[in-house]
Amino acid sequence: MDEEYDVIVLGTGLTECILSGLLSVEGKKVLHMDRNDYYGGDSASLNLTQLFRKFRDNKEAPAELGRDRDYAVDLVPKFIIANGELTKILVHTDVTRYLEFKQIAGSFVFRDGKISKVPSTEMEAVKSPLMGLFEKRRAKKFFEFLQGWKDEDPTTHQGLDLDKDSMKAVYEKFGLEPGTQDFIGHAMALYLDDDYITKPARPTYDRIILYTTSMARYGKSPYIYPLYGLGELPQSFARLSAIYGGTYMLDKPIQKIVTDASGKFVGVTSNGETVKAKQVIGDPSYFLKSDDGKIRVIEEGKVVRAICILKHPIPETDNSDSCQIIIPQNQVGRQHDIYIAMVSATHNVCAKDVYIAIVSTVVETSVPEKEILPGLNLLGPIHEKFVSITDLYTPTSSGEADNIFITRSYDATSHFETVVDDVQDVWKRVVGTPLVLKKREVEVQE
Ligand SMILES: *[C@@H]1O[C@H](CO)[C@@H](O)[C@H](O)[C@H]1NC(C)=O
């Protein structure tokens, strides 16, 4: 029998939904299934009932939290960088027509025990309480250098070569203090650890420029966020796929990934019925147990996340209705940063006067909940807290040999850039050619 579909996609997380949307637009016949009765997989947004079902053994949500339908609580805390790669995909596919965006109101960093705004220009640097007088002058010179850099004009290079010299060499050239390096590398370049410092400076330069141009776009922070929560993103790509003939089935338990004698993909068995296709794409959770004995995913770490319901904005953030706070690893003696992402009723994700803050980090010890304490301590009184520890999985092979293409788990970064890296990577493996995107503008509500 011929295959009914070109591609079966398992799991409706954002990565899988972007891929099935793009593949459908490309003319591929796509069947998309999810074992859950809701969209989004690990990147879903849950209502109160779903949240308490998941974290509190079906206990009912307390009435004082308000109406179920006012809530869309993200399981994975990430924001969209205004000028980033996800934005490009959203506008390229015109998926923006299903979404409305709002700015995130502030971007903060923790230094020497205090929360401060992240300066993003030389103008802001000279006003920032993050630095002393002389350090401000050095930081101003550093930002001027970055903003003035032109590849083709050596007079802007000040003797540095971004492709050869390490970021350490660049910091040293401007004599920046370790604490300043912390906020530049972690709160602007958004690195999770310090590995970048000894590597060539170019990617860090690119990331700082991405941060500053995104910041310049809407003014308050480099981030935007979809009304009704991040779960709107996969659903919007699902709608795109459906327009181009993609078929979506939720609440479908997957019993078996069927392979032939040589280990190549044949089809997927759900409710006793096997559907065939040329290729399968899926999130790692569908490949943890192997039906043919081949190990296709491995764990490469864990992330701890605490979803906290607050009845007040986070202290010391100018009463921001939403914000990101980064606690650089060095500031609290760790190897990975701690992130706080907060949204509120302004984004239609919870009841009025409620704030949802998610504190997360990469697990380094056997007591992950203790590791996020420096973040929890910044929140003030916490009304409800839901803690989860998630395994991060990565595929063991490219999938080209067996037509089984596996995506990666959502990492601990504060944005979607690595999700788009994964989309591009899987696309290239599945289609054989790189994903090419055009650029248009995205509108943001005031
Ligand atoms: C909340 O989620 C539950 C479970 O998926 C669903 O049955 C219910 O309709 C949702 N509530 C609202 C108000 O959407």
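What you see is a predicted model, and the numbers here were worked out from it, not measured in a lab. We count ligands from 1, going down the list as the structure has it; atoms in each ligand are counted the same way.
Ranking protein heavy atoms by distance to atom 7 (O) of ligand 1, first place goes to Arg53 NH2, 5.0 Å.
Set against the non-hydrogen atoms of Asn47, the atoms of ligand 1 under 4.0 Å away are 1 (C), 2 (O), 3 (C), 8 (C), 10 (C), 11 (N), 12 (C), 14 (O). Those atoms of ligand 1 with a heavy atom of Arg69 less than 4.0 angstrom away are 13 (C).
Both the sub-6.0 Å distance and the 45° axial angle are satisfied by Arg35 relative to the ring of Tyr286. Judged by a 6.0 Å distance limit and a 45° cone about the ring axis, Arg408 is not positioned over the six-membered ring of Tyr393. A cation-pi geometry, defined here as NZ or CZ lying under 6.0 Å from the six-membered ring centre and within 45° of its normal, holds between Lys29 and Tyr5.
Arg429 places a side-chain N or O within donor-acceptor distance of the main-chain N or O of Ile406, the cut-off being under 3.5 Å.
The aromatic rings of Tyr39 and Tyr248 sit tilted, their planes meeting at an angle between 30° and 60°.
With a heavy-atom cut-off of 4.0 Å, Gln50 touches ligand 1 through its side chain alone.
Closer than 4.0 Å to atom 2 (O) of ligand 1 lies at least one heavy atom of the protein. Atom 5 (O) of ligand 1 is approached by the protein to below 4.0 angstrom, counting heavy atoms only.
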